[in-house]
Protein chains: 2
Amino acid sequence: MAYSKQRELILKTVLNNRIHPTADTVFSLLKPDHPELSLATVYRNLNQLAKQGLLLKIPVPNGADHFDGTLEAHYHMICEQCSQMVDVPKEYVPEFDSQIAEKTGCAIHSHTIVFYGLCESCNRTPHASC
Amino acid sequence: MAYSKQRELILKTVLNNRIHPTADTVFSLLKPDHPELSLATVYRNLNQLAKQGLLLKIPVPNGADHFDGTLEAHYHMICEQCSQMVDVPKEYVPEFDSQIAEKTGCAIHSHTIVFYGLCESCNRTPHASC
DNA sequence: ATAGGTGCAAAGTCTTTGCGCTTAA
DNA sequence: TTAAGCGCAAAGACTTTGCACCTAT
């Protein structure tokens, strides 16, 4: 993988922010200081970094994919008000996969859990813009 | 909700098939016998039926929404080969929500678990078209 | 030199929506 | 008759891709 300034910036943006940004969020954060940057480049690099295992790509039903610098498998929560994604303090349970595989004859490779609700700040101030 | 022939057909299609069809699948199943049917009508009715609680809408990361005639909360598995969705024999665990809510100060309303792997038939015959 | 990366704009997938016509109640 | 529903085509959100140019190695 040949070095590129853009990829470095994109990776840094995901790692240095505890938010789980979408491609568009990364783009918006970088665009002001890097006006030549293209959204396509952001998508390409986020996908590539995820493929290399440097980031986690978290696809979200009915919404843009989020990217996460935390590499260990874990679960997420999406705020129904501000669409922000946060990590959930629940230990990952790899045994779920084998339990299902055993019962069904399917080959289970992984699973995701997504919680829906209001994030801490939206829960406190329901009408804030977050 | 005023009766319509189209809605009846769409609902029947979801209920009578144990597959969890997408809007497009429903459309394809009905189109041959109902050439005038519009995909927009299928989307509108599936969403409406889900809102009325007659169906479950199952949004899927990076894929089309599936619709399910089984109303009790339950979990799903998506086949990575044929994209078919199947129910998973794992009891729904509503306590997950309150556990997370308690630990975080978020208001958790619901959660979904999606398993990824190969469905039974794809697992047996890896190269079949399903 | 050349494989890989970039920006741009076009295309692709899934879904919703505006509008004029039709139909159930 | 009138609110609800339909078909069609356009638009919207998110993402990928083709292409000509640029850059790290």
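Throughout, protein chains are lettered first and strands after them, A, B, ... in sequence-line order, and every chain is numbered starting at 1.
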Group every Ile, Leu, Val, Met, Phe, Trp and Tyr by side-chain heavy-atom contacts under 4.5 Å, then state whether A:L9 and A:L29 land in the same group. no
Indicate whether OP1 or OP2 belonging to C:dG7 is found under 4.0 Å from a side-chain N or O atom of A:T41. yes
When the nearest nucleotide of DNA chain D is assigned to B:S4 and to A:D24 on a heavy-atom basis, which residue is associated with the more 5' position? B:S4
Indicate, with a heavy-atom threshold strictly under 4.0 Å, whether A:K57 touches base, sugar-phosphate, or nothing. sugar-phosphate
Can you tell me if the side-chain N/O atoms of A:N47 get under 4.0 Å from OP1 or OP2 in D:dT16? yes
Does A:R44 reach a base, just sugar-phosphate, or nothing at all? Heavy atoms under 4.0 Å. base
Atom OH of A:Y3 and atom C1' of D:dC22 are separated, to the nearest Å, by 15 Å
Verify the contact: side-chain N or O of B:Q6 to OP1 or OP2 of C:dT23, cut-off strictly under 4.0 Å; return yes or no. no
B:L39 atom CG is separated from D:dA10 atom P, nearest whole Å, by 15 Å
Under 4.0 Å, heavy atoms only, any strand: does A:A40 hit a base, just the sugar-phosphate, or nothing? base
Hey, does B:N62 reach any base, or is it just sugar-phosphate, or nothing, if we go heavy atoms under 4.0 Å? nothing
When we call it a touch if two heavy atoms are under 4.0 Å apart, what does A:A2 touch: a base, just sugar-phosphate, or nothing? sugar-phosphate
Taking only side-chain N and O atoms of B:Q48, does any of them lie within less than 4.0 angstrom of OP1 or OP2 on D:dG5? yes
Nearest whole Å is fine: how far is C:dG4 P from A:K51 NZ? 14 Å
Base, sugar-phosphate, or nothing for B:Y43, non-hydrogen atoms under 4.0 angstrom? base
Between A:S38 and B:M1, whichever has its closest DNA chain C nucleotide further toward 5' is A:S38
